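A quick write-up on the structure given underneath.
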Amino acid sequence: ANPRDRSRFDENDFEVFRSLAEQSAFALSNSLIRQEAKAKQQIDAELRAASAIQRILLPEKDPEFAGYAISGHNIPARILSGDFYDYIDLGGGRLGLVIADVSGKGTSAALISAMCRAVMRTLAPQHPSPATALSRLNRQLFPDIREDMFITMAYLVLDAESGQVTYCRAGHTDPMIWRAATGHVESLSIPGMAVGIDRGDVFERLARDTTITLEPGDTLLLYTDGISEATDSKELMFGENRIERSLALRGPQGPASVVQGLLQELDVFCGGRQSLDDITLIAVQKSP
């Protein structure tokens, strides 16, 4: 500020001051932009690291299991996925297959997904019944899941000795089976409530084990709604009918062909656009 014993600021002083103010504002703005960019880069780096860890939690490869061929795949819609699938060795010639879809997307869904996988891996070997395992899972996770979140799941157990499949559904999409003998696709509509909605009483009344038999050559398909509800440029959904046709076409060629073929058809249908939802599927074929 100008001392009292000096002359007042003139117009040139104000011009210089305005110029300094504009340059200072510009410098501050650039500094803020750089800080925000650096913060975003740090967040992106942390998300990529979390994504890498999450990918490690998915099966490294498909399992070798006597009498069956199995193939699974997951495609996240964003950096982090709310879907997961897993193979659990239950011992005694039994293998557990899990597919799950956490409502919502992003970090919160990914955290619930990782927690669900860890708890399921602990409970599955302790409970031969898929319905019991999912019921225990629901009771354990319910207190930690927000009211606006839930998990749809399907859990099935393959038995190499009996050749039977025991299945329980927790609000998940209905599985499909291509029957080699007829060439037709069946949809298995089984009751079940999603994990995290009810404390346990209602969930356990609805949860039930269903035993099915896969004949040689039969192929079973589990998938999340990221496939059936995917849309094209006209907002038309891929739908269950296209999934059935794809399964019927590629069922004789084995589970890997079913998975890759369905993903290719979905990519063509969506015009190569990034899916808005996570995509996960598992195909299981009884060895011919």
Side-chain angles (χ1 to χ4, degrees), residues 54 57-58 72 74 81-90 94-159 164-177 186-212 220-229 240 277-282 284:
Q54 190 177 47
L57 295 178
L58 292 173
N74 167 264
S81 174
D83 284 8
F84 79 91
Y85 72 102
D86 201 8
Y87 308 127
I88 306 174
D89 185 358
L90 303 174
R94 298 167 68 248
L95 179 69
L97 275 66
V98 182
I99 188 169
D101 181 0
V102 180
S103 64
K105 301 178 183 66
T107 306
S108 58
L111 289 172
I112 295 296
S113 172
M115 182 168 61
C116 179
R117 174 190 179 276
V119 175
M120 191 66 193
R121 276 188 158 256
T122 300
L123 293 173
Q126 302 174 10
H127 302 285
S129 160
T132 302
L134 288 180
S135 295
R136 298 292 184 273
L137 176 79
N138 178 70
R139 284 193 177 271
Q140 190 159 334
L141 293 186
F142 177 80
D144 299 321
I145 296 180
R146 292 192 332 227
E147 291 185 0
D148 60 340
M149 296 187 74
F150 57 87
I151 311 166
T152 68
M153 296 183 66
Y155 175 43
L156 60 85
V157 175
L158 306 179
D159 191 313
Q164 292 185 325
V165 179
T166 305
Y167 174 86
C168 184
R169 169 179 170 269
H172 202 72
T173 53
D174 293 333
M176 296 182 182
I177 301 178
E186 302 173 3
S187 182
L188 301 178
S189 183
I190 304 168
M193 174 182 286
V195 171
I197 294 178
D198 168 71
R199 185 175 300 277
D201 294 340
V202 178
F203 183 96
E204 290 160 19
R205 283 202 300 269
L206 294 174
R208 66 182 67 171
D209 288 334
T210 300
T211 300
I212 58 177
L220 181 146
L221 176 66
L222 301 169
Y223 62 94
T224 58
D225 60 12
I227 298 177
S228 55
E229 295 181 3
E240 285 80 7
D277 198 1
D278 303 317
I279 292 172
T280 306
L281 64 167
I282 303 174
V284 180

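Bear in mind the structure is a predicted one, so any value in this text is a computation, not a measurement. Computation of the quantities below employed the complete heavy-atom set of this structure, encompassing side-chain atoms and omitting hydrogens, waters and symmetry-equivalent molecules.
- The line from OH of Tyr87 to CD1 of Ile282 is 5.0 Å long, rounded to the nearest 0.5 Å.
- Environment of CZ in Arg121: crowded, with over 12 heavy atoms of neighbouring residues, nucleotides or ligands closer than 6.0 Å.
- Remark: Leu141 CG to Ile151 CD1 distance equals 5.0 Å, nearest 0.5 Å.
- Residues Val202 and Ile197 fail the side-chain proximity criterion, which asks for heavy atoms closer than 4.5 Å.
- In this structure, Asn74 and Ile279 have side chains that are not in contact, with every pair of non-hydrogen atoms separated by 4.5 Å or more.
- Remark: Thr152 OG1 to Asp225 CG distance equals 6.5 Å, nearest 0.5 Å.
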| Steps toward side chain to side chain contact (heavy atoms under 4.5 Å, CB included) verdict (Leu158, Thr166) | CA-CA 7 Å; Leu158 306 179; Thr166 305; over 6 Å; no

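- The shortest distance between side-chain heavy atoms of Ile88 and Val98 falls below 4.5 Å.
- Side chains of Cys116 and Val102 form no contact here, defined as non-hydrogen atoms less than 4.5 Å apart.
- Among Asp101, Asp83, Thr173, the single residue meeting the side chain to side chain donor-acceptor pair (under 3.5 Å) criterion with Thr224 is Asp83.
- Met120 approaches Met153 most closely through the heavy-atom pair SD-CE, 4.3 Å.
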Could you give the side-chain donor-acceptor pairs of residues 142-149 under 3.5 Å, partners two or more places apart or in another chain?
from	atom 1	to	atom 2	distance (Å)
Arg146	NE	Asp148	OD1	3.0
Arg146	NH2	Asp148	OD1	3.4
Arg146	NH2	Asp148	OD2	3.2

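- Between Gly72 and Tyr85, the shortest heavy-atom contact is O-OH, 3.4 Å.
- Between Phe84 and Ile112, the closest side-chain pair of non-hydrogen atoms is not below 4.5 Å.
- Counting only heavy atoms from C-beta outward, the side chains of Val157 and Val165 never approach each other to under 4.5 Å.
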| task | Given side chain to side chain contact (heavy atoms under 4.5 Å, CB included), test Leu281 with Ile227 step by step and report yes or no. | result | CA-CA 9 Å; Leu281 64 167; Ile227 298 177; 4.0 Å; yes

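- Between Ala124 and Tyr155, the shortest heavy-atom distance links the atoms CB-OH, 3.4 Å.
- Minimum heavy-atom separation, Ile99 to Thr280: CD1-O, 3.8 Å.
- For the pair Ser129 and Asp209, the tightest heavy-atom approach, listed with the atom from each and the gap, is OG-OD2, 2.5 Å.
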| message | Tyr167 vs Ile190, test: side chain to side chain contact (heavy atoms under 4.5 Å, CB included). Steps then yes/no. | response | CA-CA 9 Å; Tyr167 174 86; Ile190 304 168; 3.2 Å; yes

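- Of all heavy-atom pairs between Ala207 and Ser135, the closest is CB-OG, 4.0 Å.
- In this structure, Thr132 contributes its side chain and Pro128 its backbone to no donor-acceptor pair below 3.5 Å.
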| said: Leu137 vs Gln140, test: side chain to side chain contact (heavy atoms under 4.5 Å, CB included). Steps then yes/no. | reply: CA-CA 5 Å; Leu137 176 79; Gln140 190 159 334; 5.9 Å; no

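- Summarising the geometry, atom CE belonging to Met193 is positioned 5.0 Å from atom CG belonging to Asp198; distances are rounded to the nearest 0.5 Å.
- Between the CG atom in Asp159 and the CG atom in Leu95 there is a gap of 10.5 Å [rounded to 0.5 Å].
- Glu240 is not listed as a side-chain neighbour of Ser187, based on a closest heavy-atom distance of 4.5 Å or more.
- Contact annotation: the side chain of Arg136 approaches that of His127 to within less than 4.5 Å [non-hydrogen atoms, C-beta and beyond].
- With rounding to the nearest 0.5 angstrom, the CG atom of Asp174 is 4.5 Å from the CZ atom of Arg169.
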